[in-house]
Each structure stands twice: as structure tokens, then as C-alpha cells.
> 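I'd like to ask some things about the structure below.
Note on naming: letters A, B, ... go to the chains in the order of the sequence lines (proteins, then strands), and numbering restarts at 1 for each one. As the structure is a prediction and not an experimental result, all values here were calculated from the model. Computation of the quantities below employed the complete heavy-atom set of this structure, encompassing side-chain atoms and omitting hydrogens, waters and symmetry-equivalent molecules.
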Amino acid sequence: MPELPEVETTLRGIKPWICGHIVQQVQIHNRHLRWPVPDSLAKILTGQRLQELRRRGKYLLFDFPPGTMLVHLGMSGSLRLTESTAPLRKHDHLQWTFENGSSLRLEDPRRFGCVLFTTDPFSHPLLKSLGPEPFSSTFNGNWLYQQAARRRVAVKILIMDHRVVTGVGNIYACEALFNAGIDPRRPCNRISEQRYQRLAMVICSTLEQAIRAGGTTLRDFHQADGRPGYFTQLLQVYGRNQQACLCCEQPIRQVVIGQRSSYYCPGCQK
DNA sequence: CTCCGATCCTGATGGC
DNA sequence: TGCCATCAGGATCGGA
């Protein structure tokens with residue numbers, strides 16, 4: 001679930017409460033995530049001050065003096081600020097308690113997320129091949145056009161490839177392509193540079209709008225304070241199979257692209 | 001390189 | 001009710 005807007009929403013929600021504070025306790029209730037949570041995590045982090053909290057793509061980077069804890073929320077993960085004594089929920093796998101009384105919990109029913117530790121995050125295998133951030137100056141229509149030139153996959157596959165741009169998942173790929181007026185099935189090497197200019201801009205504006213709304217909640221995601229994301233009400237095509245397009249009133253279609261459900265408007269997207 | 005399918009896991013939903 | 005198949009927001013891996 002969590003794509004860039006949900007991860008950014010989480011970052012903004014938790015950062016003021018924990019950044020600059022010292023880890024008092026790390027409790028690992030279940031270490032069997034996508035990869036095993038390192039046993040050494042509690043020992044390394046306890047007593048350390050969280051110096052910085054950043055996002056790279058869909059990863060959260062918690063910087064401590066000894067190194068960086070990487071957190072990825074996978075399909076169903078979320079981080080929530082809680083009372084440290086609140087009863088554990090079924091899929092609460094980790095809890096970090098800080099000296100100021102703040103407590104952070106990772107809940108992840110499907111356990112596709114991960115919590116890892118590294119002394120050198122940007123050379124870590126999971127981060128080193130990530131492409132540009134959508135809001136960075138290196139991400140633009142020219143970059144997309146160049147990336148598309150040597151491939152033949154559908155444009156939706158292209159923009160969900162994190163080597164091309166980080167943070168765009170299934171929902172926002174569908175929404176951005178609708179906003180750009182591009183058919184998601186179109187081969188990526190058969191789209192003009194001008195249309196990629198528009199697509200690059202629209203990817204940014206769609207993600208920005210979703211961040212302002214606090215992300216999208218379909219099932220598991222919630223903001224750090226427990227509220228849902230309100231972009232769900234602003235979705236133009238995602239999950240709206242057979243419903244009238246909000247722009248031209250033609251029925252939205254659902255197709256499978258790369259084994260993922262995809263939604264588009266045949267009237268607005270060519 | 002690029003591309004495709006299998007894979008990890010739980011839970012919600014709908015058909016019978 | 002129960003059982004079963006199908007489907008989910010991600011992304012890595014292995015092999016063609």
C-alpha cells in the first residue's frame with residue numbers, strides 16, 4: 001500500500017515526536033518480516049539519539065550515531081505513535097520507546113515490510129539502485145524519455161520501476177497517467193518527449209496533492225495519529241471500474257498490466 | 001540488458 | 001456457517 005505520499009505522511013506525523021530524542025527501549029515482538037529484523041538492533045539503538053529522520057523513495061531512514069535504521073512498509077505496514085503501555089495488536093511487530101515518553105509501533109499484517117540496519121545507507125543494496133526522487137531537479141520529462149527509449153514495456157510499468165523514479169506505486173501510477181491523459185498500456189518507447197514532460201509534471205502534482213490529503217487509505221494505512229488518508233475521496237480512476245469518468249462520463253475500465261490491476265478512462269487516455 | 005513469472009504473507013470478499 | 005478461490009497498496013529473485 002504505502003507509496004511515496006503515505007511514507008511522507010508517516011514521516012511528517014512521527015518526526016516531531018521522536019527526532020532528537022533518545023531510544024530507551026526497542027522491543028522486537030516478531031522478527032520475521034520480508035527479511036529477518038537483525039537481532040543486534042535493540043543493543044545498537046538503545047541509548048542512542050535519533051539525529052535525523054529522512055525519506056528516500058518508499059524507505060524511511062532513521063539516522064543514529066552508529067548508523068541508519070531502514071524501514072520499508074511493504075504492502076500493509078504502518079507506523080503509529082502510541083502510549084507505550086497500550087495493548088499490543090495482533091500484527092504489532094516492533095516498538096521503539098523514547099526517553100520523552102513517545103512510543104512508535106510498526107504494524108504489518110502481511111509482513112512484506114522490513115526493518116534493517118546499515119552503517120552506509122546509500123550504498124545499501126536496497127537503496128543504491130533507486131532512481132531520482134520525483135521532486136528532485138534530475139527528474140523531468142527528458143529523463144523519462146531517455147529511460148523509455150531502450151525499453152518496450154507499458155508506460156505504467158516504466159513509471160512504477162524504482163530505477164526510473166522512486167515512490168510511484170500502483171495507485172499513483174494509475175492516477176498520474178489519467179491526469180496526463182496517457183493510456184497506461186501504451187508502449188513506453190512510443191510516447192513523445194512532450195508527453196513525457198507533461199507526465200513528469202503530473203506525477204509530481206499528483207503526489208503533492210496526495211501528501212496534502214494525508215495519503216490514501218484503502219485498508220491498512222493510517223496516519224501516525226491513527227486518522228485515515230483522505231486522498232481516497234480524490235481518486236479519479238483507481239478502484240472505480242465501470243463507474244463514470246469524472247471528466248467525460250465514459251465508464252472506467254480495469255485491465256491487468258504486469259499482473260497488477262490497472263484503471264483508466266478510454267475517453268480521456270490515449 | 002530487458003522482461004516475465006513466481007514468491008513472500010494475512011485478510012477481506014464473494015460464490016456455492 | 002463453512003470452505004474455497006481470488007484479489008490486495010511492494011519488490012526481489014531467477015531464468016529466458
> Stacking between Phe112(A) and the base of dA11(C) (centre distance under 5.5 Å, interplanar angle under 30°)?
no

> Categorize Tyr59(A) for me: base, sugar-phosphate, or nothing, with a 4.0 angstrom heavy-atom threshold over every strand shown.
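Tyr59(A): backbone/sugar contact only, no base atoms under 4.0 Å.
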
> Can you tell me how far the CZ atom of Phe64(A) sits from the CZ atom of Arg49(A), to the nearest 0.5 Å?
11.0 Å

> Counting side-chain heavy atoms from C-beta on, which of dC7(C), dG10(C), dA6(B) comes nearest to Met75(A)?
dG10(C)

> Is the shortest heavy-atom distance from the side chain of Asn142(A) to the side chain of Glu193(A) under 4.5 Å?
yes

> To the nearest angstrom, how far is Asp92(A) atom CG from dT10(B) atom P?
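My rounded result for the distance is 15 Å.
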
> Asn30(A) side chain to His91(A) main-chain N or O, any donor-acceptor pair under 3.5 Å?
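No: the side chain of Asn30(A) does not pair with the backbone of His91(A).
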
> Should Arg260(A) be listed as having a side-chain N or O under 4.0 Å from OP1 or OP2 of dG10(C)?
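Looking at the OP1 and OP2 atoms of dG10(C), one of them is under 4.0 Å from a side-chain N or O of Arg260(A).
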
> How many Å lie between CG on Asn189(A) and C1' on dC1(B), as a whole number?
15 Å

> Would you please test Phe221(A) and Phe231(A) for ring pair (Phe, Tyr, Trp, His ring centres under 6.0 Å) and show each step?
CA-CA 12 Å; Phe221(A) 176 74; Phe231(A) 194 70; over 10 Å; no

> Return one dot-bracket line describing DNA chain C 5' to 3' (Watson-Crick or G-U wobble pairs, both distances under 3.5 Å; ( ) same strand, [ ] crossing, | another strand, . none).
.|||||||.|||||||

> When the nearest nucleotide of DNA chain C is assigned to Ser129(A) and to Arg110(A) on a heavy-atom basis, which residue is associated with the more 5' position?
Arg110(A)

> Suppose we screen for ring pair (Phe, Tyr, Trp, His ring centres under 6.0 Å). Which residues come up paired with Tyr59(A), at least two apart in sequence or across chains?
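Here the qualifying residues are His72(A).
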
> On the nucleotide dT10(B), are OP1 or OP2 found under 4.0 Å from the side-chain N or O atoms that Lys90(A) carries?
no

> When rounded to the nearest 0.5 angstrom, what distance separates CZ in Arg80(A) from CZ in Arg105(A)?
9.5 Å

> Figure out the CG/C1' separation between Leu73(A) and dA8(C), and round it to whole Å.
16 Å

> Take the protein atom CG of Leu130(A) and the nucleotide atom C1' of dA11(C), then report the distance between them rounded to whole Å.
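From Leu130(A) CG to dA11(C) C1': 11 Å.
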
> Please report the distance, rounded to the nearest Å, between CD1 in Ile257(A) and C1' in dG5(B).
17 Å

> I need the OH-C1' distance between Tyr172(A) and dA11(C), as an integer number of Å.
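Taking atom C1' of dA11(C) as the reference, OH of Tyr172(A) is at 18 Å.
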
> Picking from dG11(B), dC7(C), dC3(B), which would you name as closest to the side chain of Arg152(A)?
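Output: dC3(B).
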
> Just to confirm, is there a sub-4.0 Å distance from OP1 or OP2 of dG11(B) to any side-chain nitrogen or oxygen of His91(A)?
yes

> Which is it for Phe98(A) and Cys19(A) under the side-chain contact (heavy atoms from CB on, under 4.5 Å) test, yes or no, and what are the steps along the way?
CA-CA 10 Å; Phe98(A) 291 81; Cys19(A) 208; over 6 Å; no

> From dT10(B), dC7(C), dG10(C), pick the nucleotide closest to the side chain of Glu3(A)?
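For Glu3(A), the side-chain atoms sit closest to dG10(C).
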
> I need the CG-P distance between Leu70(A) and dG10(C), as an integer number of Å.
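In whole Å, dG10(C) P lies 19 Å from Leu70(A) CG.
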
> Look at the side-chain N and O atoms of Gln254(A) and state whether any lies under 4.0 Å from the OP1 or OP2 oxygen of dA8(C).
yes

> Ignoring hydrogens and angles, are the base of dC9(B) and the side chain of Arg111(A) linked by a donor-acceptor pair under 3.5 Å?
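No pair found.
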
> What's the closest nucleotide to the Gln259(A) side chain, out of dA8(C), dC4(B), dA11(C)?
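So the nucleotide nearest the side chain must be dC4(B).
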
> What closest approach, in Å, do Tyr264(A) and Asp183(A) show between heavy atoms, and which atom pair accounts for it?
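Closest approach of Tyr264(A) to Asp183(A), heavy atoms only: CE1-OD2, 4.1 Å.
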
> Of the nucleotides dG10(C), dT12(C), dA8(C), which has the atom closest to the Leu126(A) side chain?
dT12(C)

> What nucleic acid atoms does His32(A) come within less than 4.0 Å of, heavy atoms only: base, sugar-phosphate, or nothing?
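Nothing, no nucleic acid heavy atom in range.
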
> Just how far, in rounded Å, is C1' of dT12(C) from CG of Leu127(A)?
14 Å

> Describe the nucleic acid contact of Ile157(A) in one word from base, sugar-phosphate, nothing, applying a heavy-atom distance below 4.0 Å.
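Nothing: the residue Ile157(A), judged by heavy atoms under 4.0 Å, touches no strand.
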
